[in-house]
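Okay, structure first, notes after.
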Amino acid sequence: MNVFLLSFKDFTRFEFFKYALLSTLISFSFMMIVGYYSFTSIKAYLDALFTPESEGFFAWLYSFAFVSIIINSFNFLIVGFFVIFSSSAISLFILSFFTPKIAAKINAKYYKYELKERVSDLSILLEMFKILLKFISLFFLALILFFIPFVNLIAFFLAFYYLFHNALVLEVLSAVLDKKKFKEQNSTPFEFKFYTLIFYFFASFPFVGLVLQLFFVIFLIHLSYQKIYFLSPKFDNVSSST
């Protein structure tokens with residue numbers, strides 16, 4: 001069966017979908033609060049910095065209503081961008097606690113592969129630490145380009161894609177692969193990069209990306225078994241388990 005159809009079928013089962021509801025509710029609520037206070041704090045800071053009594057070119061420029069609107073709109077755009085992708089990251093983090101259970105259920109249902117030795121939590125943490133270090137470097141590079149219109153958005157987009165792709169792939173592969181196979185996996189197949197880029201695009205849409213995080217995980221779990229282990233799904237007794 002097509003990986004997409006297989007993944008969508010599993011995604012719509014309440015057995016798995018409940019994890020999406022939980023992670024979405026927590027991450028979206030938290031980031032909406034953070035986003036609101038971030039926007040109001042930056043706006044208050046700018047208003048206090050460039051008061052009508054202030055002197056200087058920037059204070060004079062900020063006094064014009066249209067300039068103030070443009071700057072506040074830019075502020076809203078950046079904060080909104082941060083909220084959308086940060087909430088997706090938090091949702092993915094929450095979902096990571098359930099990924100081994102999801103992978104085990106999918107494996108038992110379709111592939112029946114016996115793991116020889118699981119990847120240790122320490123190995124996962126070390127890999128995640130390396131990813132975060134590289135992401136922080138890319139993020140600071142994006143901050144340098146902050147005041148260049150459009151270029152700043154592309155820079156932030158790429159920085160967060162790096163985090164999204166690597167965190168998602170690490171989350172799935174550490175739950176699917178055994179220890180030896182995980183160490184040998186120096187780079188993911190092209191299909192993984194292609195699909196995570198598509199998933200990242202959907203993740204940029206508010207709320208939609210949060211709900212679909214579970215689908216991304218399920219899809220990559222199926223893809224891992226089929227493209228790395230070269231297994232085909234077995235449908236014996238599947239209908240009786242749904």
Side-chain angles (χ1 to χ4, degrees), residues 1-27 88-129 131 163-189 191-193 195-196 198-199 202-203 209-242:
M1 184 184 291
N2 182 279
V3 175
F4 177 84
L5 294 177
L6 199 60
S7 302
F8 185 76
K9 180 181 177 181
D10 289 332
F11 172 70
T12 53
R13 293 169 58 201
F14 184 73
E15 179 185 7
F16 293 137
F17 193 71
K18 62 186 178 183
Y19 299 128
L21 294 176
L22 178 64
S23 61
T24 297
L25 180 64
I26 295 174
S27 59
S88 293
I90 293 173
S91 177
L92 190 62
F93 173 74
I94 296 171
L95 203 58
S96 67
F97 292 98
F98 306 110
T99 299
K101 185 180 293 186
I102 296 170
K105 289 181 178 180
I106 290 175
N107 181 36
K109 184 177 180 180
Y110 298 105
Y111 303 101
K112 298 175 178 57
Y113 177 81
E114 186 176 349
L115 280 176
K116 296 177 178 64
E117 186 180 2
R118 292 189 176 277
V119 180
S120 66
D121 292 335
L122 180 60
S123 297
I124 298 172
L125 288 174
L126 287 174
E127 288 298 320
M128 193 65 217
F129 181 70
I131 292 169
L163 178 63
F164 177 85
H165 168 79
N166 286 280
L168 183 57
V169 169
L170 175 64
E171 175 184 334
V172 171
L173 294 189
S174 62
V176 172
L177 304 183
D178 53 40
K179 187 175 181 179
K180 182 180 179 181
K181 196 75 172 178
F182 182 79
K183 288 183 177 180
E184 293 173 352
Q185 203 67 32
N186 296 321
S187 61
T188 52
E191 289 95 333
F192 284 78
K193 297 180 178 67
Y195 286 117
T196 55
I198 294 175
F199 295 159
F202 282 106
L210 292 178
V211 177
L212 289 179
Q213 291 285 345
L214 175 65
F215 176 79
F216 303 159
V217 169
I218 292 174
F219 186 95
L220 291 181
I221 288 173
H222 280 291
L223 199 66
S224 298
Y225 282 113
Q226 295 185 27
K227 297 297 182 181
I228 296 178
Y229 282 124
F230 302 104
L231 298 173
S232 298
K234 302 176 179 64
F235 295 99
D236 50 306
N237 299 324
V238 168
S239 57
S240 63
S241 64
T242 54

Minimum side-chain heavy-atom gap Y110-D10 below 4.5 Å: yes

Closest approach of V211 to A20 (non-hydrogen atoms, all atoms of both residues): O-CB, 3.8 Å

Residues which pass side chain to side chain donor-acceptor pair (under 3.5 Å) with K18, listed by chain and number, not counting sequence neighbours: none

Min side-chain heavy-atom separation L223-L220 under 4.5 Å: yes

Pairwise side-chain contact, I198 with F216, heavy-atom cut-off 4.5 Å (strictly under): no

Pairs meeting criterion salt bridge (charged side-chain N to carboxylate O under 4.0 Å, His left out) with involvement of residues 119-129, two or more places apart: E127-K130

side-chain contact (heavy atoms from CB on, under 4.5 Å) involving L115 - partner list, sequence neighbours excluded: Y113, R118, D178, Y229

Nearest-0.5 Å distance that lies between atom NZ in K193 and atom CD in E191: 9.5 Å

Atom of P100, atom of A175 and distance for their closest heavy-atom approach: CA-CB, 3.9 Å

Side chain to side chain donor-acceptor pair (under 3.5 Å) involving Y111 - partner list, sequence neighbours excluded: H222, Q226

Minimum heavy-atom distance between S27 and I94, given as atom pair plus value: N-CD1, 4.3 Å

pair S7-F4: side-chain heavy atoms closer than 4.5 Å: no

Atom pairs and distances, side-chain donor-acceptor, residues 163-173, under 3.5 Å, sequence neighbours left out:
unit_1: H165; atom_1: ND1; unit_2: T196; atom_2: OG1; d: 2.7
unit_1: N166; atom_1: ND2; unit_2: Y162; atom_2: O; d: 2.7
unit_1: E171; atom_1: OE2; unit_2: T99; atom_2: OG1; d: 2.4

Spacing of CE belonging to M128 relative to OG belonging to S174, to within rounding of 0.5 Å: 10.5 Å

Check: I102 and L214 side chains under 4.5 Å, non-hydrogen atoms: yes

Neighbour count above 12 (heavy atom, 6.0 Å) for Y195 OH: no

For Q213, side chain to side chain donor-acceptor pair (under 3.5 Å) partners two or more places apart: none

ring-ring contact (aromatic ring centres under 6.0 Å, His included) partners of Y19, counting only residues at least two apart: F98

Mutual orientation of the aromatic rings belonging to F219 and F215 [parallel < 30°, tilted 30-60°, perpendicular > 60°]: tilted

With S123 via side chain to side chain donor-acceptor pair (under 3.5 Å) - residues at least two apart: S120

side-chain contact (heavy atoms from CB on, under 4.5 Å) between Y225 and V176, worked out: CA-CA 8 Å; Y225 282 113; V176 172; 3.6 Å; yes

Where at least one partner belongs to residues 95-106, residue pairs that pass salt bridge (charged side-chain N to carboxylate O under 4.0 Å, His left out), sequence neighbours excluded: E15-K105

Sequence-distant partners of E114, salt bridge (Lys or Arg N to Asp or Glu O under 4.0 Å), two or more places apart: none

